[in-house]
A.B. asks: 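Quick one: the structure is below, and I'll ask about it shortly.
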Amino acid sequence: MIRLELLRHDHSEIESVKAEDISTVISQPDSLLWIDLADPTDADFKMLAQEFDFHPLALEDARKEGQRPKLDQYPTFLFIIFYAVQVISDARAFSTQELALFVGANYLVTIHRQPVPTLEDVATRWRQNAANLHGEGVAILLYSILDTIVDSYFPILDEVAERIDSMEEAIFNRAGKDALQTLFQHRKNLLALRRVIAPERDLTGMLVRRDLELLGPATAVYFQDVYDHVLRVTDALDTYRDLLSGALDAYLSVVSNNLNQVMRTLTAWSIILMSVTLIASIYGMNVALWPANGSVVAGAFSVTMMGAIGAILFVLFKGINWI
């Protein structure tokens with residue numbers, strides 16, 4: 001699906017245009033065209049190559065999914081790979097949507113395979129604020145897209161923090177196999193997030209530079225804001241990674257302590273039973289020379305001795321918290 005929206009030179013409102021009018025629109029330097037391609041086809045890529053004369057390498061990267069976030073500079077346009085992130089509540093995981101952007105002097109092309117809800121928010125804001133743009137150009141539209149995507153990362157961080165807190169409670173309440181599986185799942189999700197967000201720090205750092213002619217030096221302050229937000233996100237991800245490492249150490253400590261307690265309990269009961277069995281074995285020997293063998297008094301004495309030794313050892317081990 002293709003969506004084309006045009007902000008004309010008078011900046012009064014956003015209007016839709018047809019695909020066959022692209023050449024005419026981009027030839028007007030004071031106009032700003034936004035083309036959004038959702039799940040593009042080969043015909044769509046062929047149209048982009050004909051209308052904009054994009055470099056084949058950039059089009060190839062836009063076709064293939066799984067690209068690393070980056071910014072490539074070409075003579076007449078910038079090519080950017082950026083990622084949006086969403087929470088999958090049922091699976092307790094995160095999904096990423098890859099977004100390719102072609103930034104020209106008076107146009108912006110966005111390409112994505114999966115739906116990117118943040119783009120709808122940007123389109124709504126862009127239509128509402130058309131009269132207030134005052135000829136800022138493509139840089140403001142690019143900033144709006146990147147800023148909206150980066151701002152959507154912060155609820156993700158809140159979700160990560162909540163999951164880590166609940167996981168830490170689970171570790172100390174029931175340090176079982178499920179807790180370990182949950183811990184490693186969180187680590188996997190966190191690494192996946194960091195893999196797509198961390199490179200965006202360098203990308204937005206490049207946008208802050210004032211020597212990008214297509215964006216202009218006046219808009220660097222806007223991209224500085226995006227850079228600061230990405231920096232906060234990556235720092236938070238590093239902090240959560242350290243917390244998960246600490247949680248893993250805590251899990252191993254809890255498991256080790258539980259195992260030690262089990263071993264102490266088994267050892268204590270083994271000593272109690274061994275001591276009682278020793279008395280029973282001695283008085284149970286079928287030897288005629290053993291004192292008071294066969295006597296009722298001897299039987300009562302042996303039973304009393306076994307009970308007393310067992311009770312004394314039980315109290316002793318209970319006092320040192322082995323039972």
Side-chain angles (χ1 to χ4, degrees), residues 34 58 61-62 65-73 77-88 93-103 108-112 114-123 125-126 136-164 186-212 214-244:
W34 179 12
D61 287 342
E65 292 186 280
Q67 299 291 324
R68 187 176 185 272
K70 63 177 180 177
L71 187 153
D72 293 336
Q73 292 182 282
F77 67 92
L78 302 177
F79 177 69
I80 299 173
I81 296 290
F82 216 77
Y83 278 85
V85 182
Q86 284 183 286
V87 178
I88 304 176
F94 306 100
S95 66
T96 58
Q97 299 88 41
E98 183 176 346
L99 182 66
L101 302 97
F102 293 87
V103 185
L108 177 66
V109 180
T110 53
I111 301 174
H112 50 97
Q114 298 88 16
V116 182
T118 50
L119 288 182
E120 296 300 327
D121 297 337
V122 173
R125 289 168 51 187
W126 198 45
E136 296 289 352
V138 71
I140 293 301
L141 178 57
L142 175 62
Y143 160 75
S144 299
I145 293 176
L146 299 185
D147 183 61
T148 305
I149 291 176
V150 173
D151 285 346
S152 69
Y153 292 162
F154 289 99
I156 305 296
L157 294 180
D158 295 337
E159 179 73 17
V160 170
E162 292 178 2
R163 293 181 182 182
I164 291 178
H186 286 324
R187 289 190 65 183
K188 180 179 179 181
N189 293 338
L190 194 62
L191 288 174
L193 282 178
R194 198 182 189 284
R195 189 177 299 113
V196 298
I197 295 179
E200 293 176 357
R201 176 178 52 189
D202 299 330
L203 187 157
T204 52
M206 295 176 65
L207 291 174
V208 173
R209 290 162 35 190
R210 300 176 182 272
D211 58 347
L212 295 176
L214 287 175
L215 303 181
T219 57
V221 65
Y222 293 100
F223 295 108
Q224 179 67 49
D225 179 67
V226 179
Y227 175 76
D228 291 340
H229 288 177
V230 174
L231 199 60
R232 286 173 53 193
V233 172
T234 53
D235 289 343
L237 290 177
D238 290 337
T239 300
Y240 293 146
R241 182 179 59 180
D242 294 338
L243 287 176
L244 285 177

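Side-chain atoms are counted along with the backbone in the values below, which use heavy atoms only and exclude waters and symmetry mates. Position 1 is the first residue of the sequence; numbering continues from there.
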A.B. asks: Strictly distance-based, threshold 3.5 Å: is any side-chain N or O of Glu98 a donor or acceptor partner for the main-chain N or O of Gly66?
C.D. replies: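 Confirmed, Glu98 side chain pairs with Gly66 backbone.
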A.B. asks: To the nearest 0.5 angstrom, please state how far the CG atom of Leu101 sits from the CG atom of Leu108.
C.D. replies: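 The CG atom of Leu108 is 5.5 Å from CG of Leu101, to the nearest 0.5 Å.
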A.B. asks: Could you check whether Arg241 pairs with Asp238 (Lys NZ or Arg NE/NH1/NH2 to Asp/Glu carboxylate O, under 4.0 Å)?
C.D. replies: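 Yes, this pair counts.
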A.B. asks: Write down the atom of Leu99, the atom of Leu119, and the distance for their closest heavy-atom approach.
C.D. replies: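 Nearest pair, atom of Leu99 first, then Leu119: CD1-CD1, 4.0 Å.
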A.B. asks: Assess, by modelled atom type and distance only, whether the side chains of Tyr153 and Glu200 contain a donor and an acceptor separated by less than 3.5 Å.
C.D. replies: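 Present: a donor and an acceptor within the cut-off.
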A.B. asks: Would you name the heavy atoms of Ala220 and Val208 that are closest together and state the gap between them?
C.D. replies: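 Nearest heavy atoms, Ala220 then Val208: CB-O, 3.4 Å.
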A.B. asks: Does the side chain to side chain contact (heavy atoms under 4.5 Å, CB included) test come out yes or no for Val138 and Phe77, once each step is laid out?
C.D. replies: CA-CA 11 Å; Val138 71; Phe77 67 92; over 6 Å; no
A.B. asks: Rounded to the nearest 0.5 Å, how far apart are CG of Leu71 and CZ of Phe82?
C.D. replies: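 Those atoms lie 10.5 Å apart.
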A.B. asks: Output, in order, the C-alpha distance, side-chain angles, deciding distance and verdict of side chain to side chain contact (heavy atoms under 4.5 Å, CB included) for Val160 and Leu193.
C.D. replies: CA-CA 10 Å; Val160 170; Leu193 282 178; 4.2 Å; yes
A.B. asks: Kindly compute the distance separating CD1 (Ile140) from CD1 (Ile145), expressed to the nearest 0.5 Å.
C.D. replies: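 Ile140 CD1 to Ile145 CD1: 12.0 Å, rounded to 0.5 Å.
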A.B. asks: Which heavy atom of Thr118 sits nearest a heavy atom of Ala84, and at what distance?
C.D. replies: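 Scanning both residues, the minimum pair turns out to be OG1-CB, 4.4 Å.
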A.B. asks: Evaluate the side-chain proximity of Val230 to Leu203: yes if any heavy-atom separation is below 4.5 Å, no if none is.
C.D. replies: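 A side-chain contact is absent here, since even the closest heavy-atom pair is not under 4.5 Å.
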A.B. asks: Measure the spacing between CD1 of Ile197 and CD1 of Ile149 and express it to the nearest 0.5 Å.
C.D. replies: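 The distance works out to 11.0 Å.
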A.B. asks: How far apart are the closest heavy atoms of Ser152 and Val85, and which atoms are they?
C.D. replies: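 Looking at all heavy atoms of both residues, the closest pair is OG-O, 4.5 Å.
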A.B. asks: Hey, what do you get for CD1 (Ile156) to CG (Leu190), rounding to the nearest 0.5 Å?
C.D. replies: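 The distance works out to 12.0 Å.
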A.B. asks: Indicate whether any N or O donor in one side chain lies under 3.5 Å from an N or O acceptor in the other, for Gln97 and Gln86.
C.D. replies: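 Yes - a donor-acceptor pair under 3.5 Å links their side chains.
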A.B. asks: Work out which heavy atom in Phe79 is nearest to a heavy atom in Ala100; give both atom names and the distance.
C.D. replies: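 Heavy atoms of Phe79 and Ala100 come nearest at CE1-CB, 4.0 Å.
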A.B. asks: For Ala139 and Phe223, which heavy atoms make the closest approach, and how far apart are they?
C.D. replies: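 Here Ala139 and Phe223 meet closest at O-CZ, 3.6 Å.
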A.B. asks: For Asp225, check side chain to side chain contact (heavy atoms under 4.5 Å, CB included) against everything at least two apart and list the hits.
C.D. replies: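 Checked Asp225 against side chain to side chain contact (heavy atoms under 4.5 Å, CB included); matches are Tyr143, Asp147, His229.
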A.B. asks: After noting the C-alpha distance and the side-chain angles of Arg194 and Thr234, does the key distance pass the side chain to side chain contact (heavy atoms under 4.5 Å, CB included) rule?
C.D. replies: CA-CA 7 Å; Arg194 198 182 189 284; Thr234 53; 5.5 Å; no
A.B. asks: Please determine whether a side-chain nitrogen of the Lys or Arg among Lys70 and Asp202 lies less than 4.0 Å from a carboxylate oxygen of the Asp or Glu.
C.D. replies: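 Between Asp202 and Lys70 there is no salt bridge, as every charged N stays at least 4.0 Å from the carboxylate O atoms.
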A.B. asks: Should His112 and Glu65 count as side-chain neighbours, where that means a heavy-atom distance under 4.5 Å?
C.D. replies: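 SC-SC contact between His112 and Glu65 ruled out.
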A.B. asks: Can you list the steps and then say if Asp72 with Asp61 is a side chain to side chain contact (heavy atoms under 4.5 Å, CB included)?
C.D. replies: CA-CA 11 Å; Asp72 293 336; Asp61 287 342; 4.3 Å; yes
A.B. asks: Would you give the length of the straight line joining atom CG of Leu207 to atom CG of Leu142, rounded to the nearest 0.5 angstrom?
C.D. replies: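 Rounded to the nearest 0.5 Å, the CG-CG separation comes out at 6.0 Å.
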